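Report on the structure given below.
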Amino acid sequence: MLERPPDDQRSLVGRLYDCYGASLYRYAVLLLADPVAAEDAVQQVFAAILRTGVCLDSEAHYLRRAVRNECYSMLRRGRVRREVIGGEALIEPVIAGGVEPAERMALERAIRDLPPEQREVLHLHAFEGWTFQEIADASEAPVNTVAARY
């Protein structure tokens, strides 16, 4: 029989998900280019926190690193779909005039065709506003490599 996590652990996970869940999901979608796999990756991270009862010093850093590790594990295991189903979007639509649906779809296809490492840098720099040095620190890659991936 599975042991139920204590209420304080469940409330911690709930608070963390409320604070970071949407951002982590967007990060995973851009890394995996697969919304369903991204949901699974984020769920795995939060489920692991519930199972292990890990105490987090730097919540945002830990969660981003854990999601990154889970995404790359899924890519290595081949647990990511390569085909696009329906209208699954990698980037959230912007409510503004001047962007044609065909342009948006072309951008989606171009982003999907990038390797995961380049999608990661694109997401963190363009969508999250991180500097190349911050991305280098988080990914443990040289800053010149990060800049080249961008």
Side-chain angles (χ1 to χ4, degrees), residues 1-95 104 107-150:
M1 183 169 154
L2 292 176
E3 198 171 309
R4 189 173 170 169
D7 286 337
D8 58 333
Q9 190 67 17
R10 286 200 326 257
S11 66
L12 168 69
V13 170
R15 183 184 61 76
L16 291 173
Y17 187 81
D18 289 344
C19 288
Y20 303 108
S23 173
L24 293 170
Y25 170 73
R26 286 190 302 271
Y27 178 55
V29 166
L30 257 290
L31 269 174
L32 298 171
D34 179 352
V36 174
E39 289 174 359
D40 291 345
V42 172
Q43 179 182 358
Q44 289 299 324
V45 168
F46 282 100
I49 293 171
L50 271 177
R51 275 192 315 275
T52 62
V54 68
C55 181
L56 307 175
D57 291 333
S58 174
E59 296 169 348
H61 176 75
Y62 174 86
L63 290 169
R64 185 165 303 276
R65 172 63 85 188
V67 167
R68 181 180 195 273
N69 290 345
E70 182 63 27
C71 288
Y72 279 103
S73 292
M74 292 172 84
L75 288 167
R76 277 191 304 276
R77 292 188 306 252
R79 293 190 50 215
V80 179
R81 286 183 290 125
R82 296 305 308 161
E83 71 279 355
V84 179
I85 297 177
E88 294 176 330
L90 290 181
I91 54 178
E92 296 174 3
V94 176
I95 303 172
R104 180 174 163 69
L107 180 59
E108 289 274 342
R109 279 191 301 277
I111 291 172
R112 282 181 194 277
D113 289 342
L114 293 173
E117 296 84 5
Q118 289 179 326
R119 284 194 307 263
E120 177 182 27
V121 173
L122 173 72
H123 172 76
L124 293 175
H125 187 68
F127 299 113
E128 300 287 334
W130 289 27
T131 66
F132 289 152
Q133 186 60 57
E134 289 171 327
I135 298 168
D137 293 342
S139 64
E140 298 177 349
V143 71
N144 289 339
T145 299
V146 169
R149 287 175 179 166
Y150 186 73

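Scope of the values below: all heavy atoms of this structure, side chains included, with no hydrogens, waters or symmetry mates. Treat the numbers as computed from the prediction; the structure is a model and nothing was measured.
Side chains of D40 and Q44: a donor-acceptor N/O pair is absent below 3.5 angstrom, by distance only.
Under the 4.5 Å side-chain criterion, counting only non-hydrogen atoms from C-beta, V45 is not in contact with L24. Contact of the I49 side chain with the L63 side chain is registered, since non-hydrogen atoms from C-beta on lie closer than 4.5 Å. Proximity of S139 to E117: side-chain heavy atoms (C-beta onward) are nowhere separated by under 4.5 Å.
R64 forms a cation-pi arrangement with Y27, by the criterion of a distance under 6.0 Å to the ring centre and an angle within 45° of the ring axis.
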Below 3.5 Å, can you tabulate the donor-acceptor pairs from side chains in residues 141-150 to any protein atom, sequence neighbours excluded?
none

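Taking all atoms of both residues into account, the shortest heavy-atom contact from L124 to E128 is O-CB, 3.3 Å. Across G129 and E134, no two heavy atoms sit closer than the pair O-OE1, 4.4 Å. Between Y20 and A60, the shortest heavy-atom contact is CE2-CB, 3.7 Å. Taking all atoms of both residues into account, the shortest heavy-atom contact from L32 to C71 is CD2-O, 3.4 Å. Across all non-hydrogen atoms, the minimal contact from M74 to A41 is SD-CB, 3.6 Å. The nearest pair of heavy atoms linking R65 to A138 is NH2-O, 2.8 Å.
Here CD of Q118 is found 12.5 Å from CG of L30. Values are rounded to the nearest 0.5 Å. With values rounded to the nearest 0.5 angstrom, L122 atom CG is found 10.5 Å from L31 atom CG.
For Y72, the OH atom counts as densely surrounded, since its 6.0 Å shell holds more than 12 non-hydrogen atoms of other residues, nucleotides or ligands.
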Working note: Q133 + D137, criterion side chain to side chain contact (heavy atoms under 4.5 Å, CB included); need CA distance, chi angles, decisive distance, verdict. CA-CA 6 Å; Q133 186 60 57; D137 293 342; 2.9 Å; yes

Derivation and outcome, side chain to side chain contact (heavy atoms under 4.5 Å, CB included), residues H125 and I135: CA-CA 8 Å; H125 187 68; I135 298 168; 3.9 Å; yes

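Formation of a donor-acceptor pair under 3.5 Å by the R10 side chain with backbone atoms of L50 is not found in this model.
Looking at residues two or more places apart in sequence or on another chain, you find a salt bridge (Lys or Arg N to Asp or Glu O under 4.0 Å) between R77 and E70.
Taking the charged nitrogens against the carboxylate oxygens, R15 and E59 do have a contact shorter than 4.0 Å, which makes a salt bridge.
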